[in-house]
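Written below as structure tokens is the structure these notes are about.
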Amino acid sequence: MSLLVGCPAETEWHENRVAITPEVVARLGRAGLDVMVEAGAGRAAGFPDEEYVASGARIADRSEVFAQADILAVVHRPDVQRLRAGQIMIGLLRPDDAPEELADVTALSFEGLPRTLSRAQSMDVLTSQANVAGYKAAVLAADTFGGFFPMMMTAAGTVRPAKVLVLGGGVAGLQAMGTARRLGALVTGYDVREAAQADIASTGAAVLDLGVSASGEGGYARALTAEEQVVQQQAMAEAIRAFDVVVTTAQVPGHRPPELVSAAALAGMAAGSVVVDLAAGPLGGNVAGSVPEARTVTENGVVVLGAGALPAQVPRAASSAWARNLTALLEYLIRDGAVVLDPDDEITAGLLVHPKETVS
């Protein structure tokens, strides 16, 4: 009997993504999996129920998905009272947030995927969604900014291109730089990691040097010392004055994001400038006073966008990438019709919140 993968609809108010798309249903079938999707789960992402049925999936109500699925494919952790003992659940599960809620299921959380392993790249949800977020951040900034991004030569005169600063040279930051450049802006990038500066330059952006380096383990930046933070913020406040748009992308998984744009820095920016904070969330953000999923305007007229959930605003592309990552993971885990969870395997060990035995 085939294992059943269930895909419930997401219930967070801002979420439009879905964990499985019609595109991957046949691929999952070749891996020995049947697929059940909650009615309407893909509608907000542009995937109607009819497309799932045509691809070979079954449509069911929410209670059936939770009751029958051997494997639950989700974007976010669902309402835990619906979980069934022995189920496998895969998604962004916030493993440090009330892990006891996951005690009865086998929880595989994408936050723990060892991203530096080349064989894990096809499964890397954080990277695929960061790409979407970086793209959308640049588009959102261009839409919000009151001027042009590219240089415009008109009968009324020449308009200079917008000056854009992107803070963070990770996946989201590099995508934001590349997209802003394609839109015609003059782009500068900044990262405290020396290795990231070459990546910034590879996009064609200029590199901002504030004299502070903080390369850490696993490709992430280490926390700055108090003295380094003072130096960085003072230099940043002075540098930011020259830019029309700032996009911030610095995150530390499971911890409060570093504040890169202080209140003093915002006060020094020109009226009409735009700041997009991709790190804005429950733990804080990179920008002083940014509010998650909200637009605020400072006293001096700077627009601050708390944009920590941008992939949900590009749901079709984001869901397609997510579903491919999920499918790659399931293909990796399934052997002879069973999900094999080997705690000695680096990928499995990183993903597991509560290790369990092989499930068949």
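Residues Val75 and Ala19 share a closest heavy-atom pair of CG2-N, 4.0 Å. For Pro95 against Ser109, the heavy-atom pair with the smallest separation is CD-OG, 3.4 Å. Of all heavy-atom pairs between Val74 and Pro8, the closest is CG1-CG, 3.8 Å. Between Ser55 and Tyr52 the shortest heavy-atom distance is OG-O, 2.7 Å. Here the shortest heavy-atom pairing between Ala270 and Val302 reads O-CG2, 3.7 Å. Gly268 approaches Asn300 most closely through the heavy-atom pair N-ND2, 4.5 Å.
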Anything under 3.5 Å between a donor and an acceptor, one on a side chain of residues 26-34, the other on a protein residue two or more places apart or in another chain? List them.
residue, atom, partner, partner atom, Å
Arg27, NE, Glu331, OE1, 3.4
Arg27, NE, Glu331, OE2, 2.8
Arg27, NH2, Glu331, OE1, 2.9

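The only option from Leu108, Leu333, Ile90, Val35 that meets the side-chain contact (heavy atoms from CB on, under 4.5 Å) definition with Ile71 turns out to be Ile90. Test Leu208, Val187, Asp191 against Ile200 for side-chain contact (heavy atoms from CB on, under 4.5 Å) and you get one pass: Asp191. Residue Arg17 forms a side chain to side chain donor-acceptor pair (under 3.5 Å) with just one option from Gln129, Glu12, Glu10, and that option is Gln129.
We find that Arg160 and Asp244 are joined by a salt bridge, their nearest charged nitrogen and carboxylate oxygen being less than 4.0 Å apart. For the pair Arg324 and Asp124, the salt-bridge criterion is not met [side-chain N within less than 4.0 Å of a carboxylate O]. A salt bridge between Arg119 and Asp345 is present, with a side-chain N of the basic residue lying under 4.0 Å from a carboxylate O of the acidic one.
Annotation for Met151: atom CE does not count as buried by contact number, only 12 or fewer foreign heavy atoms lying within 6.0 Å.
Between Ser128 and Asn325, the side chains place a donor N or O and an acceptor N or O closer than 3.5 Å (distance only, hydrogens not considered). Side chain to side chain, Arg181 and Thr203 fail the donor-acceptor criterion of an N or O pair below 3.5 Å. Looking only at atom types and distance, the side chain of Thr248 has a donor-acceptor partner in the side chain of Asp277 under 3.5 Å away.
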